[in-house]
Every structure is written in structure tokens, then in C-alpha cells.
Novice: 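I have a structure I would like to understand better, so I am pasting it below and will then ask my questions one at a time.
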There are 2 protein chains.
Amino acid sequence: MDGHKTDESARTGEAGTPGPKKRRTSPAARELTDVDRRILEVLSADARIPNSTLAARVGLAASTCHSRVRELEERGVIRGYHADIDLEATGSPLQALVAVRLRAGARHLLRDFTTRMRSRPEVLDLYFLASDDDFLVHVAVPGSSALRDFVLEQLSAHPEVASTQTNIIFEHTWVAAFPGARAAE
Amino acid sequence: MDGHKTDESARTGEAGTPGPKKRRTSPAARELTDVDRRILEVLSADARIPNSTLAARVGLAASTCHSRVRELEERGVIRGYHADIDLEATGSPLQALVAVRLRAGARHLLRDFTTRMRSRPEVLDLYFLASDDDFLVHVAVPGSSALRDFVLEQLSAHPEVASTQTNIIFEHTWVAAFPGARAAE
DNA sequence: TTTGAAATGCGATAAGC
DNA sequence: GCTTATCGCATTTCAAA
């Protein structure tokens, strides 16, 4: 599982420093402008803010702001908008992070495993790690018995799973959608 | 704002399920109806869907649907709406989960620690775990040197931190906002 | 007491400057 | 990138079940 090379060796210099106003010619990897960044910041804090209000906050006309947002959506910078739901209200107040280690000989079942995890209703997030534990599965369940059932039936019972370790979550705090974004605008 | 009573506490039992038709008397913890649940499901997949479309999807009139959504917001079931941002586009493609163990004698600094973590721009999520009185800090950074700086300067350098373990994330998949919600509607 | 339909004001969207 | 104009949606009101 170790020894993977990251593929981000080709990193150009930062544009933040003063210098030549060279035009960025790669549209897909174009860097974000300062206004773009502020738009993302506001939308990550409140995705349903009216476009006119957003425009005023970032100092743009409404139409301009709208086209910027659309461009960010089309470029894939904004991947979507999601409602943040109170898990207690949905009847699943118990959260856990389950560390899963796969059997070394069953790595070809990795895709099956991720597919199954993503199809399970209890699963909220799936972290594929570089460490000894291959996955960290973030789940929410109604109670401890449902947690036990999930771990036993969806993880331990499967042959590709070598071991699991279940960690109860006392509290999960969402801080930001991306680095630099602040909840307190 | 505060704990005022909603004026619609008289909700009769559902006719669908057999059983006692006991009236729910706790308004704050009132259970979600089937329609509520479907609304949450759609909004967690696409928070900016037009209300008219949402209403059609859940089989409600637009006005009714709108009042339901507002009620869910006021009850705190919907805690907010957030844009989902591509971390690579923001220039922080490297993610990690840092496990932090606090010194047993410094548990009174727990609040300071969480406050500091939430003020750091690199931090995306903060998990307070039951396992070893540990935290799991989800961060995104531009590269490995920024990750090293964060761990050394924001964690190891502080006296309340007993130990850290940094786990690189190969891939992070957001699956659902709450149990049962499916991305593929 | 909750739903559905109609009316109005505001915001989203597109064309021109 | 801003201004204006049009269109569509959000929101309220009211009638009905």
C-alpha cells in the first residue's frame, strides 16, 4: 500500500508575487482570481444567498457575479451545493469512524469495497488513506446496535477485510469547505 | 430564535404503520414525515434546486413545499447550505488526517485547542473522538512542506499536544449528508 | 389545520454598452 | 465588467377541504 508517488510534481510558481502580467493560457487549470476566491468563500458559507447579495459582498454587479459563478460551476471548481442536515433530527445521532484494513492479497477487490461502502445508507464519508489502515469510513447510525451490525455485516463478514477498528465520534465540527474560507464572514 | 413553541404540535399518528396512535408530545424532537425526509434528500444532493422543481419531485404544491422547507430550517433540521469546492482548484490538493493525542494533564486546554484548530485556514473538519481522547484533524494544504509546517507549528510545538500521527489521504469521497440519502436520486 | 391556486414583487438571466 | 430590460421564480394571500 505504500510507496505511491504523487503526481503533482509539476507545480508552477505562485502568481501572488508582483511580476509580469503574463496571461494564463491554460483554461482548465487557470488560477482563481481574488474575486473568485471571495465568491467561493461566501457560497461555501451560504450556498443559497441571493445573487444580488453575493454581488454586493464581493463588489461586483449582479450580472457579472452571476456569470462568474456559472463559470466556476462549469469549470468544476464548484462541484455542487449541499444542505447541511442535523443528524440527530434524522434519527442517527451516533457517529463513528471505522478504520478498515484490507487483506494484502485482496487489493483487486478495492473497487468492490468502495462501491459497496458508497451504497450503504449509513456511510457519510469515505477516506482512502496512505497509511496502514486503508480506509476510514465515516458513518452515522441510530444507536450502538446498528453500529455493531454495520461493522459485523458490512465489514468483518467480507473476505477482503482484514481488520477493523471502530472509533466513536463525540463531536464532529465542519470548519470550512476549502482552506482559507472562514465561517465568520 | 429561542425555544418558542411551534403552533402545530398536534400531529396525529401516521395511518401507514400499524401500531398505537400515540400522539408525539415533544415538539422539538418531532419526527420527520416521509415528505420531510424526501425534501432533505433532494436538498442535500442539490441545495439550489428551484422550489417548484423540488415541490414536483416530492409531490407537493409549491407553497406547501416552501413552508415545509422553511419549517425545517427554523427547527434546525437544515443547518445551512454549503458549496462543495474542488480542493485542487483552490491550490490545496494535498489532504491529510492528523490524529492528535493531548497530554492527560492538559485536558483543561481542550477548548483552546479546538478554538485554535477552527481558526486555522488549513483545517476542514475536526473530529473529537472517544478512542484515546484523540482528535482527528482533516486538513488540506498546497503541498508536503505546508503539511509539515502545520503539524510542527500548530500541533507538536504546543504543550498540550502529546503526540501526532499524520495520515495522507489518497482520496476523499463525500457520500451523503445523512443516512439514507442517495446521491443518485 | 393543512393544502392548493392565484397574484405580486423580486431576483435571475440575457442582450447591449 | 456594468446597465437595462425581460422573464421566471419565490413568497404571500386566500379559498377550500
Side-chain angles (χ1 to χ4, degrees), chain A residues 15 21 23-25 27 30-75 77-84 89 185, chain B residues 1 4-17 21-75 77-78 80-84 185:
Chain A
K21 298 197 173 179
R23 183 122 22 104
R24 302 269 158 197
T25 47
R30 183 168 55 252
E31 285 191 12
L32 299 174
T33 68
D34 222 48
V35 170
D36 288 335
R37 207 164 265 279
R38 295 181 61 192
I39 288 175
L40 297 180
E41 202 168 320
V42 174
L43 285 179
S44 68
D46 179 9
R48 292 188 73 159
I49 190 173
N51 179 63
S52 53
T53 310
L54 171 62
R57 286 242 204 126
V58 303
L60 245 53
S63 62
T64 309
C65 182
H66 182 259
S67 62
R68 287 287 190 94
V69 171
R70 167 131 60 162
E71 187 198 313
L72 290 169
E73 290 172 347
E74 286 172 353
R75 280 170 58 189
V77 177
I78 297 176
R79 302 195 295 188
Y81 304 94
H82 305 294
D84 181 12
E185 170 69 10
Chain B
M1 295 300 183
H4 55 121
K5 275 210 177 108
T6 60
D7 49 351
E8 41 177 321
S9 48
R11 193 161 234 334
T12 59
E14 297 297 332
T17 57
K21 300 201 174 180
K22 287 218 181 114
R23 165 104 55 93
R24 302 265 160 198
T25 48
S26 54
R30 177 161 6 90
E31 284 192 13
L32 299 174
T33 68
D34 223 48
V35 169
D36 288 336
R37 208 163 263 279
R38 293 182 61 193
I39 289 176
L40 296 180
E41 202 169 320
V42 174
L43 285 179
S44 68
D46 179 8
R48 292 187 73 158
I49 190 173
N51 179 63
S52 54
T53 310
L54 172 61
R57 284 241 205 128
V58 303
L60 245 53
S63 62
T64 310
C65 183
H66 182 260
S67 61
R68 287 288 188 92
V69 171
R70 167 138 37 164
E71 187 198 313
L72 290 169
E73 289 172 347
E74 287 172 352
R75 281 170 58 189
V77 177
I78 298 176
Y81 305 94
H82 304 294
D84 181 12
E185 169 71 6

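None of the values given here were measured: they were computed from a predicted structure. Below, read A as the first sequence line, B as the second, and so on, with proteins coming before strands; counting in each chain starts at 1.
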Novice: Is there a side-chain polar atom (N or O) of B:Arg68 under 4.0 Å from OP1 or OP2 of C:dT2?
Specialist: no
Novice: Quick one: do B:Leu60 and B:Arg38 satisfy side chain to side chain contact (heavy atoms under 4.5 Å, CB included)? Show the steps, please.
Specialist: CA-CA 11 Å; B:Leu60 245 53; B:Arg38 293 182 61 193; over 6 Å; no
Novice: Which parts of nucleotides 5-17 of chain D does protein reach within less than 4.0 Å, heavy atoms only, written one letter per nucleotide 5' to 3' as B for base, S for sugar-phosphate only and - for none?
Specialist: -----SSB-----
Novice: In chain order, what residues pass the salt bridge (Lys or Arg N to Asp or Glu O under 4.0 Å) check against A:Arg68, with sequence neighbours excluded?
Specialist: A:Asp36
Novice: Using the test side-chain hydrogen bond (donor to acceptor under 3.5 Å, both in side chains), find all partners of B:Arg70 that sit at least two apart in sequence or belong to another chain.
Specialist: none
Novice: Name all residues meeting the salt bridge (Lys or Arg N to Asp or Glu O under 4.0 Å) criterion together with A:Asp84; count only those two or more places apart in sequence or in a different chain, and write none if there are none.
Specialist: B:Arg79
Novice: State the OG1-CD1 distance between A:Thr33 and A:Ile39, to the nearest 0.5 angstrom.
Specialist: 7.0 Å
Novice: Using rotation axes that map the C1' atoms of four end pairs onto the next four (five pairs an end), what angle separates the end axes of the helix from C:dT1-D:dA17 to C:dC17-D:dG1, to 10°?
Specialist: 30°
Novice: Rounded to the nearest 0.5 Å, what's the gap from CZ on B:Arg37 to CG on B:Leu72? Could you check?
Specialist: 11.0 Å
Novice: Roughly how far apart are B:Asp46 CG and A:His82 NE2, rounded to 0.5 Å?
Specialist: 8.5 Å
Novice: Apply salt bridge (Lys or Arg N to Asp or Glu O under 4.0 Å) to B:Glu73 and list each qualifying residue two or more places apart in sequence or on a separate chain.
Specialist: none
